[in-house]
Amino acid sequence: MSSAVEVRPVSGASALAAARTPTTRRYLMCAPKFFTVEYAINPWMDPSEPVSTERALEQWSELKRTYESLGHVVEEIEPQPGLPDMVFAANSGTVVHGRVLGARFRAPERAGEAEFYRRWFLEHGFRDVVMPANINEAEGDFAWSGRVLLAGTGFRTDPGAHAEAQEILGVPVVSLKLVDPRYYHLDTALAVLDDSRDNPLVTYYPAAFSPGSQRVLELLFPDAVLATEADAACLGLNGVSDGYNVVLPVEATALGAALEARGFRTHYVDISELRKSGGGPKCCTMELRA
């Protein structure tokens, strides 16, 4: 269970900031030891563009240090050769209330990642672990909001995986349709800012969703922070929040300013090398919710 941490608002913070409550999180990450772009399975990937594994590792390490500096616990899974995208831990499992729904990847290039994560869960005390029958790319398309599991579809995760997630995880699921191939996963178009049951809050880019899904989001989150096209274009919505501290790509300054106006504290990291594979802070971060 997450534990509350006292917040002392920084100078200039409003009463909103005083009301924000960070909670200590437990994350699973995978170092990009074998990171490269050998294939293209999303619009961000270009195998002809030079990639520095060393630079990616530096950026990943800074992201990990940022989490730890905020008091969060970071666990690691051993990277495997031949799986360059294993660094994107969020795609290999969804954990809610200690229950684990594994992943089944659409792209054959990533299929091997799922078994290594399944073994990690079993070796680290998770007993309620189920591998899916339907294609789902885990927290890439599943976002726990505190009340419901928001579930994306349209490019990767099958619609049938939404009902499967509800049965396995035992939480209500709300389906959302993605329509822009640049935002192929839900976590590229939406981020949960506050997953408290009483007052959940998200930020999202409306144009990434179908008209019907936009209306659903408006109903569920009337106070949501709406992101701009520029915010989305730098994967600014692929952020990670503990209820007060929000970790964002360094380019997402407009979104950061909007979040600060709502009482959040922002922390910027450079993920430019990892973005060459379509990933950002959230993609690298699976939350282990006890």
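The figures here come from the full heavy-atom set of this structure, side chains too, leaving out hydrogens, waters and symmetry mates.
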CG/Leu63 to SG/Cys284 distance, rounded to the nearest 0.5 angstrom?
6.0 Å

Scanning both residues in full, the closest heavy-atom pair of Gly93 with Ala138 reads N-CB, 3.1 Å

When rounded to the nearest 0.5 Å, the distance separating CG of Asp187 from CG of Asn238 is 4.5 Å

Given Leu150 and Phe221, is the side chain to side chain contact (heavy atoms under 4.5 Å, CB included) satisfied, shown in steps?
CA-CA 12 Å; Leu150 303 174; Phe221 307 103; 3.9 Å; yes

Is any NZ, NE, NH1 or NH2 atom of the basic residue among Glu164 and Arg104 found under 4.0 Å from an Asp or Glu carboxylate oxygen of the other?
no

Taking the side chain as every heavy atom from C-beta outward, state whether Ser92 and Met86 have any pair of such atoms under 4.5 Å apart.
no

Taking Ser277 as the fixed residue, which of Asn42, Asp46, Asp85 is the one that meets the side chain to side chain donor-acceptor pair (under 3.5 Å) rule?
Asp85

About how many Å separate CZ of Phe209 and CD of Gln214, when rounded to the nearest 0.5 Å?
8.5 Å

Does any part of the side chain of Val192, heavy atoms only, come nearer than 4.5 Å to the side chain of Pro200, both counted from C-beta?
no

Do Glu251 and Arg275 make a side-chain contact, defined as non-hydrogen atoms from C-beta onward lying under 4.5 Å apart?
yes

Polar side chain donor-acceptor pair, Glu137 to His185, under 3.5 angstrom:
yes

Hydrophobic clusters here meaning ILVMFWY residues chained together by side-chain heavy-atom distances under 4.5 Å, can you tell me if Ile77 and Leu122 are in one?
yes

Ring-face cation of Arg119 near Phe116 (centre distance under 6.0 Å, axis angle within 45°):
yes

Take Asp141 and Arg106 through the test salt bridge (charged side-chain N to carboxylate O under 4.0 Å, His left out) and record every step on the way to the result.
CA-CA 12 Å; Asp141 273 324; Arg106 182 169 297 279; over 6 Å; no

Other residues, nucleotides, ligands: >12 heavy atoms within 6.0 Å of Arg65 CZ:
yes

Under a 3.5 Å threshold, yes or no: a donor from one side chain and an acceptor from the other, between Ser196 and Asp198?
no

Working to the nearest 0.5 Å, report the span between OG1 of Thr94 and CD of Glu287.
11.5 Å

Here the pair of heavy atoms bringing Tyr268 nearest to Ala257 is OH-N, 4.2 Å

Which atom pair, heavy atoms only, marks the closest approach of Pro281 to Leu248?
CG-C, 4.4 Å

Please check if the side chain of Ser213 supplies one atom and the backbone of Leu176 the other of a donor-acceptor pair under 3.5 Å.
no

When you check the side-chain N and O atoms of Glu273 and Ser52, is any donor under 3.5 Å from an acceptor?
no

Is there side-chain contact between Arg182 and Thr188, with at least one heavy-atom pair below 4.5 Å?
no

Indicate the ring-plane relationship of Tyr205 and Tyr183, choosing parallel, tilted or perpendicular according to the 30° and 60° boundaries.
perpendicular

Is the shortest side-chain N to carboxylate O distance from Glu115 to Arg118 below 4.0 Å?
yes

Could you report the tightest heavy-atom contact between Asn134 and Gly160, atom names first, then the distance?
ND2-O, 3.6 Å

ILVMFWY network linking Phe142 to Ile135, side-chain heavy atoms under 4.5 angstrom
no

Between CG of Asp128 and NE2 of His97, what distance do you get to the nearest 0.5 Å?
12.5 Å

Are any of the side-chain heavy atoms of Glu76 and Lys64 separated by less than 4.5 Å?
yes

Any side-chain donor-acceptor pair under 3.5 Å between Thr66 and His267?
no

Would a hydrophobic clustering, with Ile, Leu, Val, Met, Phe, Trp and Tyr connected at side-chain separations under 4.5 Å, put Leu274 with Met286?
no

Roughly how far, to the nearest 0.5 Å, is the OH atom of Tyr27 from the CZ atom of Arg289?
9.0 Å

The residue among Arg20, Arg25, His72 that forms side chain to side chain donor-acceptor pair (under 3.5 Å) with Asp242 is His72

Over all heavy atoms of both residues, which pair between Pro79 and Ala31 is shortest? Give the atoms and the distance, please.
CB-O, 3.4 Å

So do Thr203 and Asp231 actually touch side chain to side chain, heavy atoms under 4.5 Å?
no

Can Leu101 be reached from Leu28 by stepping across I, L, V, M, F, W or Y side chains whose heavy atoms are under 4.5 Å apart?
no

Could you tell me if Tyr117 and Asn91 have a donor-acceptor pair between their side chains, going purely by distance under 3.5 Å?
no

Pairwise side-chain contact, Glu58 with Asp270, heavy-atom cut-off 4.5 Å (strictly under):
no

Is there a side-chain contact between Leu217 and Leu190 in this structure, where contact means two heavy atoms from C-beta onward sitting under 4.5 Å apart?
yes

Between Phe105 and Ala114, what is the shortest heavy-atom contact and its length?
CE1-N, 4.0 Å

For residues Phe121 and Phe126, establish whether the separation of their ring centroids is below 6.0 Å.
yes

